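What you see is a predicted model; the values in this text were computed from it and never measured. What's counted below: heavy atoms across the whole structure, side chains too, no hydrogens, waters or symmetry copies.
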Amino acid sequence: MNNYKFSSEMRDAELTTQDEIIEKVEKKELKTKIEPKIEPKKEPKKEPVIKTTTTLLNVREKPSKNSNIMNVLEKGTKVAVVENIGEWSKLLDNTFVMSEYLK
């Protein structure tokens, strides 16, 4: 199905379907211009980029000091935080760091 918006003149024409309207316009039997319907662009959500403040920061699998260490970040490393959960920050890759070590 075509993605068109229709003017009130076209809707008022005694046609029963959008396909009939498109056909009439393409045959130049209906003198109202069809304009493609333009969908607004969705901007990607920008995650806040934050730097680590401690010499070495453990990146954990879950928001717990007892969780597996998945990575270790050096001071000044930029990370993208998607959510804060208590004293933990969830990163873009679904791992966690202690929020107090971010600025």
Side-chain angles (χ1 to χ4, degrees):
M1 180 155 171
N2 294 320
N3 194 15
Y4 292 106
K5 66 178 182 179
F6 298 92
S7 70
S8 58
E9 281 181 50
M10 294 173 79
R11 283 191 296 271
D12 292 343
E14 292 187 17
L15 303 171
T16 57
T17 68
Q18 289 182 359
D19 290 335
E20 288 177 338
I21 293 171
I22 292 167
E23 183 179 331
K24 292 275 187 186
V25 170
E26 288 172 350
K27 290 181 179 179
K28 299 187 185 295
E29 294 174 7
L30 188 59
K31 297 184 183 194
T32 304
K33 183 179 177 183
I34 293 180
E35 298 175 18
K37 184 176 180 181
I38 299 171
E39 298 292 330
K41 289 184 179 179
K42 293 182 181 178
E43 293 293 324
K45 185 178 176 184
K46 294 182 181 178
E47 307 301 338
V49 176
I50 299 172
K51 290 183 182 180
T52 59
T53 62
T54 188
T55 305
L56 295 173
L57 179 60
N58 292 329
V59 179
R60 305 266 181 185
E61 183 178 22
K62 296 180 181 176
S64 166
K65 291 179 184 178
N66 298 321
S67 178
N68 293 331
I69 297 172
M70 306 301 290
N71 196 1
V72 179
L73 303 176
E74 293 182 0
K75 184 175 183 175
T77 302
K78 293 179 181 178
V79 294
V81 174
V82 295
E83 183 179 2
N84 290 309
I85 303 169
E87 61 184 1
W88 294 89
S89 293
K90 183 176 182 180
L91 305 182
L92 196 56
D93 64 355
N94 293 320
T95 58
F96 297 86
V97 294
M98 297 234 12
S99 301
E100 67 183 275
Y101 299 112
L102 303 176
K103 75 168 184 173

By the side chain to side chain donor-acceptor pair (under 3.5 Å) test, which pairs, at least two apart or in different chains, include something from residues 58-79?
Glu61-Asn68

Pairwise distance CG(Leu102) to CG(Leu73) - rounded to 0.5 angstrom:
9.0 Å

Val72 vs Val59, test: side chain to side chain contact (heavy atoms under 4.5 Å, CB included). Steps then yes/no.
CA-CA 6 Å; Val72 179; Val59 179; over 6 Å; no

When you group the ILVMFWY residues by side-chain heavy-atom contacts below 4.5 Å and let the links chain together, are Ile69 and Val97 in the same group?
no

So, does Thr52 use its side chain to make a donor-acceptor pair with the main chain of Gly76 at under 3.5 Å?
yes

Heavy atoms of Ile50 and Lys103 approach each other most closely as CG2-O, 2.5 Å

Distance col, row Met98:CE vs Thr53:OG1, nearest 0.5 angstrom, shows 11.0 Å

List the residues meeting side chain to side chain contact (heavy atoms under 4.5 Å, CB included) with Glu83, not counting sequence neighbours, and say none if there are none.
Ile85, Lys90

On a heavy-atom basis, the closest approach of Ser99 and Gly86 is OG-O, 4.5 Å

Side-chain heavy atoms nearer than 4.5 Å, only ILVMFWY residues, links allowed to pass through others: does that put Met70 and Leu57 together?
no

